[in-house]
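Let me begin by presenting the structure, written as structure tokens, before commenting on it.
In the text below, chain A, chain B and the rest are named by the order of the sequence lines, each starting its count at 1.
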Amino acid sequence: MATMAKHAVLSAGAAAWASLACARSQLRLDLTLGCGQTFRWRETGDGHWTGVMGGRVWTLTQTDDRLWYHAYGAHPDVHTEEDNREGKGKACGSVQQLNKSEIKRRKVNVKAEERDEPVTVAVKREAEEDMLVDYFQLHVDLEGLYREWSLADPHFKHIANIFTGIRMLRQDPTECLFSFICTSNNHISRIQGMVENLCRSLGRPLWELDGTTYYDFPPLSALADGKVESLLRDLGFGYRARFLQQSAKQILENHGPDWLQGLRSTPYLQARDALRSLPGVGIKVADCACLMSLDKADAVPVDTHVWQIAKRDYKCAAGSAQKTLTDKVHRDIGDFFRQLWGPYAGWAQSVLFCADLKKFQKLKEMLSVKLEDDNKDSLPIKKAKIKMEKQETVNKTEKPRSVRHKKAKLAAQKK
DNA sequence: CAACGACCTCG
DNA sequence: GAGGTCGTT
């Protein structure tokens, strides 16, 4: 075996790292990567997070005003001397190719002379920076959004004092959808292991660090294979094994490999209903995929937990009469939060969701014990409630969305 | 539209 | 029971 490569550590020297300007108010790695929107990152060192993104292995960490990153291995098509020297790591298989014209465009635009470095290094750095900006959606001013949400919602403002920098990732649609199919009737700790097993057994190996091999998320073609259900059942996926294989197969047969990606430019409700035609994808999972990978910032995934938050912290009447989380309750709670928080309601919801996770309760104890205002409704909250009451009568005319017909196939196979 | 049982497994 | 979905009543 070759020399064992180790996870990069910033304190060991910044030479192997690059960084971009990013205040903690714009991004908190620990909360953003640990709040359950992705299951692919682990804290591999103090404040250092390692995971797979865009077909590469990364370690990330941050200081007060910068986000530091190290991407392992050569960037596709851009080989530098540095990469060759740094080749202690074990590359596994081939890496995905970057569009050649894109490389050329970057080479032209980069001002390498200013940095006094080879053009190839600058090109590599810029490509990596672009990937991070896209993945973390750093063009979105989170601080500004927090200000707006706090203005409309005193409870949010209260929570936001501690839970800063929680932003929505822009994940790969396949990874996001199939990860969330695994979440049904399941805890977060187990889901992590399942997604890891999914990647290890069906994904392409990318890189090895400290004895851990990192794998890419499997492509649809691998998930759709007929042997996948029994394979995953053996790995403890339970009834979700069939959902995963059948959904992948159905996407490829009925739509094609680029279909999920294409839903990014489809309107929210239309994209959500399209996803719901897949086995194992109900309204909650579809909303997660919409919010976290398909650019639908107003999608609000409502689970039992969010339902509790709506009732407990907002005295939201929607669905309080029902005992179960029906489609109508989903819609009403989602509409309530959209009315309150606006077009990025899904982002705001993730902040409150994160603040309620058991693993982050230590942080919450730092909140001042009580504010007088907490039990009073702000004007915007009142408006949201009034609006809900009005829609109570108006909504009856809305046509129910029926997406059941396509799912019949699966039941028929169920022996 | 609402409620209910079943579905797999076990961080 | 768990961050849900599906088929039936």
For this session: Nearest whole angstrom, please: distance from the P of B/dA6 to the CG of A/Asn186.
Result: 20 Å

Problem set entry | Whether A/Trp58 side chain and A/Met53 backbone form a donor-acceptor pair below 3.5 Å | yes

Problem set entry | Whole-Å P distance, B/dA2 and C/dG3 | 24 Å

Exercise. For A/Gly193, which contact category applies under a 4.0 Å heavy-atom criterion: base, sugar-phosphate, or nothing?
Worked result: nothing

For this session: Whole angstrom is fine here: how far is it from CZ in A/Arg242 over to P in B/dT9?
Result: 13 Å

Problem set entry | Selection from B/dC8, C/dG3, B/dA2 that lies nearest to any side-chain heavy atom of A/Lys328 | B/dA2

Exercise. Is the A/Phe243 to A/Phe237 ring centre distance short of 6.0 Å?
Worked result: no

For this session: Looking only at side-chain atoms of A/Asp303, point me to the closest of C/dG4, B/dC8, B/dA3.
Result: C/dG4

For this session: State whether the distance check finds a donor on one side and an acceptor on the other, under 3.5 Å, for side chain A/Arg190 versus base B/dC10.
Result: no

Seminar exercise, completed: The Watson-Crick or G-U wobble partner of B/dA6, with both key distances under 3.5 Å, is C/dT5

Exercise. C/dG4, B/dC10, C/dT5: which one has an atom nearest the side-chain heavy atoms of A/Ile283?
Worked result: C/dT5

Seminar exercise, completed: Whole-Å distance, A/Met194 CE to C/dA2 C1', equals 12 Å

Seminar exercise, completed: Against the side chain of A/Tyr239, the closest entry in C/dG4, B/dC1, B/dA3 is C/dG4

Exercise. Is the shortest side-chain N/O distance from A/Thr304 to OP1 or OP2 of C/dA2 below 4.0 Å?
Worked result: no

For this session: May I have the step-by-step check of side-chain hydrogen bond (donor to acceptor under 3.5 Å, both in side chains) for A/Tyr135 and A/Asp172, ending in yes or no?
Result: CA-CA 9 Å; A/Tyr135 186 66; A/Asp172 173 74; over 6 Å; no

Exercise. With a non-hydrogen cut-off below 4.0 angstrom, is A/Cys182 in contact with a base, only sugar-phosphate, or nothing?
Worked result: nothing

Problem set entry | Minimum-distance nucleotide to A/Asn185 side chain [options: B/dC7, B/dC10, C/dG3] | B/dC7

Exercise. Separation of A/Phe180 atom CZ from C/dG3 atom C1', in whole Å?
Worked result: 9 Å

Problem set entry | Nearest-angstrom distance from the residue atom CD of A/Gln245 to C1' of B/dC8 | 17 Å

Exercise. Which of parallel (below 30°), tilted (30 to 60°) and perpendicular (above 60°) describes A/Trp259 and A/His255?
Worked result: parallel

For this session: Check every strand shown and say whether A/His187 touches a base, only sugar-phosphate, or nothing at a heavy-atom separation below 4.0 Å.
Result: base

For this session: For nucleotides C/dC6 and B/dC10, find the distance between their C1' atoms and express it as a whole number of Å.
Result: 23 Å

Problem set entry | Protein-nucleotide distance (A/Phe39, atom CZ; B/dG11, atom C1'), rounded to Å | 14 Å

Exercise. Is the number of heavy atoms from other residues, nucleotides or ligands under 6.0 Å of A/Asp46 CG greater than 12?
Worked result: no

Exercise. Can you check the A/Leu232 CG to B/dC7 C1' distance for me, whole Å?
Worked result: 16 Å

Exercise. Can you list the steps and then say if A/Tyr146 with A/Phe163 is a ring-ring contact (aromatic ring centres under 6.0 Å, His included)?
Worked result: CA-CA 10 Å; A/Tyr146 266 60; A/Phe163 292 89; over 10 Å; no

Exercise. If each of A/Ser189 and A/Phe237 is mapped to the nucleotide of DNA chain B with the nearest heavy atom, which maps nearer the 5' terminus, i.e. the 5' end?
Worked result: A/Phe237

For this session: Check every strand shown and say whether A/Val306 touches a base, only sugar-phosphate, or nothing at a heavy-atom separation below 4.0 Å.
Result: nothing

For this session: Tell me what A/Arg233 touches on the nucleic acid: a base, only sugar-phosphate, or nothing, going by heavy atoms under 4.0 Å.
Result: sugar-phosphate

Exercise. To the nearest angstrom, how far is A/Gln308 atom CD from C/dG4 atom P?
Worked result: 11 Å

Exercise. With respect to the phosphate group of C/dT5, does any side-chain polar atom (N or O) of A/Ser184 fall under 4.0 Å of OP1 or OP2?
Worked result: no

Exercise. Taking the C1' atom of each, how far is B/dG11 from C/dT5, in whole Å?
Worked result: 23 Å

